[in-house]
Amino acid sequence: MDAVHELQRKIMHYKRKTSRLEDDLFQRDQEIIRAKFTLLQALPELNTPEKGPLVDKVRVPGYLDPKMFEAACLKACLNNPSDGREGESRRKDRAILDAETLCNEWRSKTSNGVWELYIEGPEEGEEEDDWVQVEAQDLLDLKEKYGDELYKAIKIAWTESQESTRTGVHLKPWDYDAGREKTLTELLVPLREKIQFLAMKASEEGK
């Protein structure tokens, strides 16, 4: 029994350590997102020009891709069939319907300004009197059922929605050729060039 107890203690220790490392990585991602939105709030001319609502929908802060939900629901449904008598085709159809419902639900939660990513609660494996900031249970349930990719995308979407509300920035900076959001480094390039230009101009005028 002592060996089993020791093994359980080690497993809990490594689970907490892994969770904290994941939290550190997410906090770094949050800092980068905040830096982007703060920069675009101060210098909106650095943002990518709009191309229209249909093209730019993926640039809306907090956007969640329905295809990601569909892939997660299909994987969960096929890996854990609720009824062995139900055919694969029918399970796929059900998963697609579930994905649409799930996507709409989480789009609403991450953008409505009411749902919170963190709540007060006891840390796993600690005394109930030791209350800390823990992730919302509905998000943890989603992670367990549908996996890390969807879980992380929802956390990022919530952060973007919060930052959009804070700064008034309504579109993310975009690289249309690459089909992705610009990195903070890419966003800073024209700013550095502008600073260098102004420095040279000031130097010439001072001569």
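Index from 1, following the sequence. All values below come from the heavy atoms of this structure, side chains included, with hydrogens, waters and symmetry mates left out. As the structure is a prediction and not an experimental result, all values here were calculated from the model.
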Please evaluate residues W174 and V55 with respect to the criterion side-chain contact (heavy atoms from CB on, under 4.5 Å), reporting the C-alpha separation (whole Å), side-chain torsions for both, the decisive distance (0.1 Å), and the verdict. CA-CA 11 Å; W174 206 257; V55 177; over 6 Å; no

Evaluate L188 against L39 for side-chain contact (heavy atoms from CB on, under 4.5 Å), listing each step before the verdict. CA-CA 9 Å; L188 289 171; L39 181 61; 3.7 Å; yes

Test side-chain hydrogen bond (donor to acceptor under 3.5 Å, both in side chains) applied to D141 and Q137, step by step: CA-CA 6 Å; D141 292 341; Q137 188 59 49; 2.8 Å; yes

Using side-chain contact (heavy atoms from CB on, under 4.5 Å), reason through L40 and T167 one step at a time and then give a plain yes or no. CA-CA 8 Å; L40 293 175; T167 61; over 6 Å; no

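Nearest heavy atom pair, residue K182 against residue K36, reads O-NZ, 2.7 Å. Across all non-hydrogen atoms, the minimal contact from K155 to L117 is CG-CD1, 3.8 Å. Residue S161 comes nearest to G62 through the heavy atom pair OG-CA, 3.6 Å, listed as atom of the first residue, atom of the second, then distance. Among all heavy-atom pairs drawn from R166 and Q41, the shortest one is O-NE2, 4.1 Å. Between L64 and T110 the shortest heavy-atom distance is CD1-OG1, 4.1 Å. The shortest non-hydrogen separation linking L171 to N47 is O-ND2, 2.9 Å.
Although no hydrogens or angles enter the test, the distance criterion places no donor-acceptor pair under 3.5 Å between the side chain of R59 and the main chain of H170.
W115 and W106 have perpendicular rings, their planes meeting at more than 60° on a 0 to 90° scale where under 30° would count as parallel.
A salt bridge links E45 to K194: at least one charged side-chain nitrogen sits closer than 4.0 Å to a carboxylate oxygen. A salt bridge does not link D93 to R90: none of the charged nitrogens lies less than 4.0 Å from a carboxylate oxygen.
Counting heavy atoms from C-beta outward, D138 and K109 have side chains that approach closer than 4.5 Å. For the pair F37/P61, a side-chain contact is recorded, criterion being any heavy-atom separation below 4.5 Å from C-beta on. Contact of the Y63 side chain with the E160 side chain is not registered, since no non-hydrogen atoms from C-beta on lie closer than 4.5 Å.
Other residues, nucleotides and ligands contribute only 12 or fewer heavy atoms inside 6.0 Å of the CD atom of E50.
A cation-pi contact, defined as under 6.0 Å to the ring centre and within 45° of the axis, is absent between K75 and Y146.
Follow the hydrophobic side-chain contacts under 4.5 Å out from I32 and you reach W158 in the same cluster. Under the 4.5 Å side-chain contact rule for hydrophobic residues, I33 and F26 share a cluster.
Distance check, rounded to the nearest 0.5 Å: CZ of F69 to OG1 of T101 gives 11.0 Å. Rounding to the nearest 0.5 angstrom, the gap separating the CD atom in Q162 from the CZ atom in R34 is 9.5 Å.
For the residue pair R107 and N112, no side-chain donor N or O sits within less than 3.5 Å of a side-chain acceptor on the partner.
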